[in-house]
Protein chains: 2
Amino acid sequence: MKVLNKNTDYAIRALLTLAANRGSYMSAKSIATQQGMPYQFLRRLLQELLKRNLIVSKGGVQGGFMLERDPHGIRVTELIEIFQGKVQVSECMFRKQICGNRAHCVLRHEIMRIEQVVQSEFEKVTIGKLLGDLQAANGPKLTTTGNQ
Amino acid sequence: MKVLNKNTDYAIRALLTLAANRGSYMSAKSIATQQGMPYQFLRRLLQELLKRNLIVSKGGVQGGFMLERDPHGIRVTELIEIFQGKVQVSECMFRKQICGNRAHCVLRHEIMRIEQVVQSEFEKVTIGKLLGDLQAANGPKLTTTGNQ
DNA sequence: ATTAACTGATACTCATTTGGTATCAATTAA
DNA sequence: TTAATTGATACCAAATGAGTATCAGTTAAT
Ligand code: FES
Ligand code: FES
């Protein structure tokens with residue numbers, strides 16, 4: 001059971017890269033090369049982030065993408081929601097049997113509690129925080145020459 | 001993003017039903033009818049639980065399935081693991097770029113922390129606990145006549 | 001002994017999701 | 001004018017998810 005799919009995974013890394021490069025445009029191609037992710041796949045994903053106003057773009061030579069929002073305001077939950085939909089433990093809608101009255105269903109109760117925990121746990125993690133951690137660990141520059 | 005798939009979902013409910021009926025065999029058919037889940041689908045899933053020794057079975061007339069283990073020892077995590085594989089936030093294996101040295105990768109670190117939380121949160125929930133809660137809410141018998 | 005109600009095992013089918021690729025028009029800096 | 005770029009779509013193959021079907025073996029009741 002994987003929690004993050006490729007879209008979210010790549011999006012996090014792409015945003016980290018853009019965050020490390022704030023203030024200037026960076027092309028999809030260079031992000032893809034630097035991060036070792038498939039170019040076209042990345043492009044589609046960036047357009048989604050664009051549509052949601054997390055990043056801005058500029059066409060043509062020297063064009064590319066740039067981070068728009070404060071990295072500390074970009075939570076991983078937000079990315080999960082964009083690419084994988086809202087976190088929900090189970091569909092569990094209008095289930096007739098086990099739960100006599102849905103309003104008081106303990107299963108539902110327990111499930112929603114867990115949903116909350118998962119949600120809030122992911123909310124603690126922002127692009128800004130990750131970048132800070134990375135830079136603290138790797139030195140001031142986002143390393144792109146990683147050997148394993 | 002759904003955390004539990006149908007297999008896990010149904011498995012929880014089936015085990016709850018069996019837990020409420022401990023000591024005697026209950027046929028797949030009656031579980032399916034009572035819980036409103038597809039018969040063949042349920043059967044496959046029960047066979048998996050059988051293989052894992054969570055339940056026992058008896059063929060023939062008056063046969064069926066019976067809970068083997070203590071309901072309080074059956075954790076939801078275990079069921080997730082059986083039907084959806086181990087909880088892992090992201091594949092995140094041998095990723096070359098961003099993480100200069102994998103051993104100290106903060107992303108990985110953060111990801112594993114969350115994995116832990118999710119894992120431990122689900123571990124708190126056992127079939128026994130759920131059944132207890134249900135019975136406290138619905139009266140001593142697992143209600144099968146739920147209206148809504 | 002026969003039959004009906006069961007499980008065991010396995011093999012399908014069908015729709016959706018996931019991960020990835022390709023194409024072409026529009027834009028922009030050099 | 002051209003090369004580097006994004007915008008917008010459309011396509012593809014493999015995996016996964018949910019559900020169905022079949023048939024052989026077992027067991028209790030008659
Ligand atoms: S209402 Fe969904 S499990 Fe109770
Ligand atoms: S080692 Fe996987 S993200 Fe760093």
Side-chain angles (χ1 to χ4, degrees), chain A residues 1-14 18 24-66 68 79-80 82-85 88 90-93 95, chain B residues 1-11 13-14 18 24-33 35-66 68 79-80 82-85 88 90-93 95:
Chain A
M1 180 215 167
K2 243 177 305 161
V3 176
L4 304 184
N5 66 17
K6 289 287 180 190
N7 271 310
T8 313
D9 182 347
Y10 290 161
I12 293 175
R13 292 181 160 81
L18 288 179
S24 56
Y25 285 100
M26 191 170 176
S27 76
K29 195 171 172 189
S30 62
I31 299 175
T33 310
Q34 195 175 117
Q35 296 298 330
M37 38 181 84
Y39 173 65
Q40 295 292 357
F41 195 86
L42 173 66
R43 290 215 34 212
R44 217 189 345 167
L45 158 179
L46 286 173
Q47 290 188 29
E48 190 62 39
L49 295 178
L50 183 75
K51 212 186 305 174
R52 313 264 183 160
N53 304 311
L54 280 90
I55 56 181
V56 289
S57 71
K58 195 176 73 170
V61 175
Q62 303 255 348
F65 300 86
M66 197 165 58
E68 177 74 343
L79 300 175
I80 292 182
I82 292 176
F83 294 109
Q84 313 187 72
Q88 59 176 154
S90 145
E91 270 175 350
C92 178
M93 300 299 202
R95 212 161 266 289
Chain B
M1 182 216 171
K2 244 178 303 161
V3 177
L4 304 185
N5 66 16
K6 289 287 180 191
N7 271 311
T8 313
D9 183 347
Y10 290 160
R13 294 181 159 81
L18 289 179
S24 56
Y25 286 99
M26 190 170 178
S27 75
K29 195 173 171 188
S30 62
I31 298 176
T33 309
Q35 297 298 330
M37 39 181 83
Y39 173 65
Q40 295 292 357
F41 196 85
L42 173 67
R43 289 214 36 211
R44 216 188 337 151
L45 159 179
L46 286 173
Q47 290 187 30
E48 189 63 37
L49 295 178
L50 183 75
K51 214 186 303 173
R52 312 264 184 161
N53 304 311
L54 279 90
I55 57 181
V56 289
S57 71
K58 193 176 75 170
V61 175
Q62 304 252 350
F65 299 87
M66 196 164 59
E68 178 73 342
L79 300 175
I80 292 182
I82 291 175
F83 294 109
Q84 315 187 68
Q88 57 175 158
S90 145
E91 272 175 348
C92 177
M93 301 298 201
R95 212 162 265 290

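Numbers restart at 1 for each chain; the letters A, B, ... are given by sequence-line order, proteins then strands.
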- Message: Tell me which pairs pass salt bridge (charged side-chain N to carboxylate O under 4.0 Å, His left out) where either residue lies in residues 27-51 of chain A, with sequence neighbours left out.
- Response: A/Glu48-A/Lys51, A/Glu48-A/Arg52
- For B/Leu46, which contact category applies under a 4.0 Å heavy-atom criterion: base, sugar-phosphate, or nothing? nothing
- Roughly how far, to the nearest 0.5 Å, is OG of B/Ser30 from OH of B/Tyr39? 10.0 Å
- Note on the structure: Atom CG of B/Leu45 and atom P of D/dG19 are separated, to the nearest Å, by 11 Å
- Taking ring pair (Phe, Tyr, Trp, His ring centres under 6.0 Å) as the test, write out the residues that go with B/Phe41, two or more places apart. B/Tyr10
- Rounded distance in Å - CZ (B/Arg43) to P (C/dG8): 7 Å
- Task: Could you encode protein contacts along nucleotides 11-21 of chain C as a string, one character per nucleotide from 5' to 3', using B for base contact, S for sugar-phosphate-only contact and - for no contact, with a heavy-atom cut-off of under 4.0 Å?
- Result: --------BBB
- side-chain hydrogen bond (donor to acceptor under 3.5 Å, both in side chains) partners of residues 56-65 of chain A, not counting sequence neighbours, each pair once: none
- Note on the structure: Contact check, residues 52-61 of chain A vs DNA chain D, heavy-atom distance under 4.0 Å, returns A/Ser57, A/Lys58, A/Gly59, A/Gly60, A/Val61
- Query: Rounded to the nearest 0.5 Å, how far does CD1 of A/Ile55 lie from CE of A/Met26?
  - Reply: 12.0 Å
- Query: In degrees rounded to 10°, what angle is found between the helical axes fit to the five outermost pairs at each end of the helix from C/dA1-D/dT30 to C/dA30-D/dT1?
  - Reply: 10°
- Item | Interatomic distance, B/Met37 CE vs D/dG17 P [rounded to whole Å] | 18 Å
- Taking side chain to side chain donor-acceptor pair (under 3.5 Å) as the test, write out the residues that go with A/Gln84, two or more places apart. A/Thr8
- Message: Of the listed nucleotides (C/dT7, D/dT5, D/dG7), which one gets closest to any side-chain atom of B/Phe65?
- Response: C/dT7
- Task: Would you kindly give the NZ-to-P distance between B/Lys29 and C/dA4, to the nearest whole Å?
- Result: 13 Å
- Atom CD of A/Glu48 and atom C1' of D/dT6: how far apart are they, to the nearest Å? 15 Å
- DNA chain C: 5'-proximal contact among A/Gly63 and B/Gln47 (nearest heavy atom): B/Gln47
- Query: Over how many whole Å does the gap from A/Gln62 atom CD to C/dA30 atom C1' extend?
  - Reply: 8 Å
- Name all residues meeting the side-chain contact (heavy atoms from CB on, under 4.5 Å) criterion together with A/Val56; count only those two or more places apart in sequence or in a different chain, and write none if there are none. A/Tyr25, A/Met66, A/Glu68
- Message: What's the separation between atom CG in A/Leu54 and atom CG in A/Leu79, rounded to the nearest 0.5 Å?
- Response: 6.5 Å
- Message: Rounded at 0.5 Å granularity, tell me how far CD1 in A/Ile31 sits from CG in A/Leu45.
- Response: 9.5 Å
- Query: Taking only residues two or more places apart in sequence or in another chain, which ones pass side chain to side chain donor-acceptor pair (under 3.5 Å) with A/Asn7?
  - Reply: none
- How long is the span from the CG atom in B/Leu18 to the CZ atom in B/Phe65, to the nearest 0.5 Å? 8.5 Å
